[in-house]
Engineer: 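Have a look at this one.
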2 protein chains.
Amino acid sequence: MAEKTRSKIVSIKGARQPVTSYDVARHAGVSQSAVSRCFKPGASVSKKMRDRVMKAAEELGYEPNAIARSLISGRSNLVAIMISNLTNLYYPEVLAELTQRFSEHGVRVLLFALRSEADANETLQQIWPYRVDGVIAAAELSPEQVGEFEKRDVPLVFYNRHLTGSPVSSVCCDQEDGARQLVDGLFKAGHRRFAIIAGPPESVVGVERKTAAIERIEELGADDPPILEGDYSYESGFALAEELMKHKKKRPDAVICANDVMAIGALDAFRVNHGLNAPEDISVVGFDGVGPSHWKSYNLTTIRQPVRRMTEAAVTMLMAMIEEPGLPNEKRVFSGIFQAGGSAQFETGN
Amino acid sequence: MAEKTRSKIVSIKGARQPVTSYDVARHAGVSQSAVSRCFKPGASVSKKMRDRVMKAAEELGYEPNAIARSLISGRSNLVAIMISNLTNLYYPEVLAELTQRFSEHGVRVLLFALRSEADANETLQQIWPYRVDGVIAAAELSPEQVGEFEKRDVPLVFYNRHLTGSPVSSVCCDQEDGARQLVDGLFKAGHRRFAIIAGPPESVVGVERKTAAIERIEELGADDPPILEGDYSYESGFALAEELMKHKKKRPDAVICANDVMAIGALDAFRVNHGLNAPEDISVVGFDGVGPSHWKSYNLTTIRQPVRRMTEAAVTMLMAMIEEPGLPNEKRVFSGIFQAGGSAQFETGN
DNA sequence: ACATAGATTGCATTCGAATGCAAGATGAAT
DNA sequence: ATTCATCTTGCATTCGAATGCAATCTATGT
């Protein structure tokens, strides 16, 4: 075929404009491949050529088609972010950070908000067709599900999750260490009657926070704490604090909550329903360091997760795995940062 | 060419598996187009064929390539969601809802979190190459930017924004009506000295809330309220409440805030720094009905936005515009729902 | 058994950009 | 001016699925 006559259907309204690299090429009097190269950083193009093509592209309003590019190059420049409960106060910040950082790498984010952990399978089915370059999972995945990633060679980085006994890459906050810090500080300040408002049993980080706290309490020789399981919501924190007050005689004097929001719920229950103020009457600590933990009504003593550093690490790791396929897995653990507040009698060590 | 010998590079590790429709076709002993049709709902395929193909696809682990499909069909099944400040407590819920609803339509979400309104141009440049089928914008766009959508025939639905004087489709909460409800209820309860903690001047909804409140206050014959501008953050609510207390003599008795978070900040400032409790000493109302507005320490009197109905409307509208290109623009306005709380002396009308 | 409408199927082409290869252009060194 | 190395450029092919068209098959009615 001498000349591929691409008969564009030019709409009468003159609006539609699927300007392709061929159009630009014709307008600039060069070949399509030249146009392609001009839009590829680092390609071998003379200045004269580049100027000419860019001018033509400008004039026609050309925008490279990422879809076509992905198809031929095998790189979609898309990553998927799976988040199990977006309405958990902690995640919006994480999501915003991740999105912006990926954006700086020229990578776009496909968002998947799981309704529940059970959605994971369905979500994965939705992800695969888009041939994403990688995935950040802030959601629990089963070993089988992780296997699907390996089968497809899709890089995966867990965010604040990990599969115990599996080498999958992850970026985490050191839950155990944080929990120990909290117990220690409370203990030093004189607390002996602990209680734990834990996360749901499916939550790996929740379990870690809980387990480490229990162990530390035991190590220090305090009584075994009552352990109540919540779902990370304000309401559950509130309700479980109520539960703790059922036996007024031996109510706890220090309540360790698996996240800030439940801690806030507990504080409210103690204060509103029982007239107990923190830190005079009872100590309450949380975990995460979300925005509202700073609100004056709560002023939470908590462990703040270094979100910026963690998201940066997650993005860097995933990008590296994408660029260099064979890269070994890596787990990065960041220490939580103690955030002094007024919700607990607390003494930091030295 | 008798037979297109597709020489797949079968990796030695046996892991890689870009199974294509050709592979499935060969394995099932049918043509590639047959495979394609089997994966297209509503296509003309016999049961026998479908079973055979599906079995082969299953055996090979075939997953249709959405990228290739998009290229030829001209539909990416992607929508972009632009959100200006994700960390605003109000948006995570919106985002989660939108994502899940789109997912039910087989549409995936590309997320763009703008660092500031100024990022819009850059963001649009990132969006166009992906040939998204439509966009939901919870961010301010200039008329020029909206023009870019029209030029490309990309359906656009504003969420809680709109361009005054332009017919772009949008889903909004009735800000004016909500503001009036709040003023009315406060007035009926006896308040006469209003103050307004407004949103930033760039925020269209903020301006609407403010303007409507001012007008109503004037209509009712109360004094012109002082108007302070915040940035929707807790800190700004707190600081502006402080500001209002500078002139103790004639401090306001009812403070109308442009969103819940600032209202919460104001409540804390009044209580913590000045010993003023709501609603006895001062009334404070917010707007949005975010999660923390229910927290017992605040128990905010506010106008809740019907997020579920609004997101449903937004998704339905955008999908309709995508399916039927010529569709006229439409603006849907939902009334906010009065949410009784304990942060204000308030009397609902009858 | 035969004609015919309707349902299935395969063939060949298409979407838009990237890229290996070879041809052509440019420049440097002699 | 000649040769060779280095840049540039264009040609032709490729990615993987969708689809118009024509060929084939099926079923139905007579």
Side-chain angles (χ1 to χ4, degrees), chain A residues 1-9 16-53 57 60-77 128-131, chain B residues 1-9 16-53 57 60-77 128-131:
Chain A
M1 197 175 323
E3 186 184 333
K4 260 189 181 165
T5 314
R6 307 220 156 206
S7 61
K8 290 284 170 209
I9 297 153
R16 318 272 176 302
Q17 49 163 323
V19 179
T20 73
S21 58
Y22 284 96
D23 299 325
V24 177
R26 187 166 343 112
H27 190 236
V30 301
S31 74
Q32 178 270 330
S33 37
V35 176
S36 170
R37 275 189 270 261
C38 286
F39 281 85
K40 182 183 177 174
S44 158
V45 204
S46 69
K47 177 161 170 12
K48 210 174 87 187
M49 170 69 89
R50 171 160 278 129
D51 292 347
R52 237 171 108 183
V53 169
L60 298 183
Y62 171 69
E63 273 147 6
N65 183 325
I67 302 284
R69 177 184 305 209
S70 302
L71 183 59
I72 186 72
S73 70
R75 278 269 309 248
S76 62
N77 287 309
W128 304 135
Y130 279 93
R131 301 297 191 262
Chain B
M1 193 176 324
E3 185 183 335
K4 261 189 181 164
T5 314
R6 307 217 156 207
S7 61
K8 290 284 170 209
I9 298 155
R16 318 272 177 298
Q17 47 163 327
V19 179
T20 73
S21 58
Y22 285 97
D23 299 325
V24 177
R26 188 169 338 113
H27 189 238
V30 301
S31 73
Q32 178 270 330
S33 36
V35 177
S36 170
R37 274 189 271 260
C38 285
F39 281 85
K40 183 185 176 174
S44 159
V45 204
S46 69
K47 177 159 170 11
K48 210 173 89 185
M49 169 70 88
R50 172 160 278 130
D51 292 347
R52 236 170 109 183
V53 169
L60 298 183
Y62 171 67
E63 273 148 4
N65 183 324
I67 303 285
R69 177 183 305 207
S70 301
L71 183 58
I72 186 72
S73 70
R75 278 269 308 250
S76 62
N77 286 310
W128 304 134
Y130 280 92
R131 302 296 192 260

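So you know, we letter chains A, B, ... as the sequences are listed, proteins then strands, and number each from 1. Computed from a predicted model, the values in this text were never measured in an experiment.
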Engineer: May I have the distance from B:R75 (atom CZ) to C:dG16 (atom P), rounded to whole angstrom?
Structural biologist: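 So the two atoms are 17 Å apart, to the nearest Å.
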Engineer: Measure all distances between protein nitrogen or oxygen atoms and nitrogen or oxygen atoms of nucleotides 19-22 of chain C, and list the pairs falling under 3.5 Å.
Structural biologist:
| unit_1 | atom_1 | unit_2 | atom_2 | d |
| --- | --- | --- | --- | --- |
| C:dT19 | OP2 | A:K40 | NZ | 2.6 |

Engineer: Of A:V24, A:D51, A:V30, A:V45, which meets side-chain contact (heavy atoms from CB on, under 4.5 Å) against A:C38?
Structural biologist: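 When side-chain contact (heavy atoms from CB on, under 4.5 Å) is applied between A:C38 and each of A:V24, A:D51, A:V30, A:V45, only A:V45 qualifies.
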Engineer: Using atom NZ of A:K48 as one end and atom C1' of D:dT9 as the other, report the distance to the nearest whole Å.
Structural biologist: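 It works out to 11 Å between those atoms.
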Engineer: Figure out the CG/C1' separation between B:D23 and D:dA17, and round it to whole Å.
Structural biologist: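 Value for this atom pair: 13 Å.
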Engineer: Please pick, from C:dG16, C:dT13, C:dT8, the nucleotide with the shortest atom-to-atom distance to any side-chain atom of B:S44.
Structural biologist: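 In terms of side-chain proximity for B:S44, the closest of C:dG16, C:dT13, C:dT8 is C:dT8.
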Engineer: Ignoring backbone atoms, test whether B:S46 places a side-chain nitrogen or oxygen under 4.0 Å from the OP1 or OP2 oxygen of C:dT8.
Structural biologist: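 No.
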Engineer: In whole angstroms, how far is the P atom of C:dA17 from the CZ atom of A:R26?
Structural biologist: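 It works out to 12 Å between those atoms.
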Engineer: May I ask you to evaluate whether B:Y62 reaches the phosphate of D:dA17, defined as a side-chain N or O under 4.0 Å from OP1 or OP2?
Structural biologist: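 For D:dA17, OP1 or OP2 has a side-chain N or O of B:Y62 closer than 4.0 Å.
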Engineer: Write down the distance between CG (B:L71) and C1' (D:dT14), rounded to a whole number of angstrom.
Structural biologist: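 Roughly 12 Å, once rounded to whole Å.
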Engineer: Can you find a pair of side-chain heavy atoms, one from A:R69 and one from A:P64, that are under 4.5 Å apart?
Structural biologist: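 In short, these two side chains touch, coming nearer than 4.5 Å.
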Engineer: Can you check whether B:A43's main-chain N or O pairs, donor with acceptor, with B:R37's side chain at less than 3.5 Å?
Structural biologist: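 Looks like no, no N/O pair under 3.5 Å.
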Engineer: Can you find a heavy atom in the side chain of B:N77 that is under 4.5 Å from one in the side chain of A:Y130?
Structural biologist: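 Counting from C-beta outward, B:N77 and A:Y130 do come under 4.5 Å.
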Engineer: Counting any heavy atom closer than 4.0 Å, what does A:V35 reach on the DNA or RNA strands: base, sugar-phosphate only, or nothing?
Structural biologist: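 Contact class for A:V35: none.
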Engineer: Quick one: B:N65 CG to C:dC15 P, roughly how many Å, whole number?
Structural biologist: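 It is 18 Å, rounded to the nearest whole Å.
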Engineer: To check you understand the geometry: which heavy-atom pair defines the closest contact between B:S70 and B:A66, and what is its length?
Structural biologist: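 Shortest heavy-atom contact: OG-O, 2.7 Å.
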Engineer: What is the distance, to the nearest angstrom, from the CD1 atom on B:I67 to the C1' atom on C:dC15?
Structural biologist: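 Result: 13 Å.
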Engineer: Can you check whether A:T20 has a side-chain N or O nearer than 4.0 Å to OP1 or OP2 of C:dG16?
Structural biologist: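 It does not, given that no N or O in the side chain of A:T20 lies less than 4.0 Å from OP1 or OP2 of C:dG16.
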Engineer: At their closest point, which heavy atom of B:R52 faces which heavy atom of B:G29, and how far apart are they?
Structural biologist: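 So the two residues come closest at NH2-O, 3.6 Å.
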Engineer: Give a yes or no on whether the backbone of B:V35 and the side-chain of B:S21 come within a donor-acceptor separation of less than 3.5 Å.
Structural biologist: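 No; judged by distance alone, with no hydrogens or angles, the pair does not exist.
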Engineer: Rounded to whole angstrom units, what separation is found between the NZ atom of B:K47 and the P atom of C:dT9?
Structural biologist: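 It is 12 Å, rounded to the nearest whole Å.
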Engineer: Between C:dG10, D:dA17, C:dC15, which one does the side chain of B:V30 approach most closely?
Structural biologist: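 Of all the options, the side chain of B:V30 is nearest to C:dG10.
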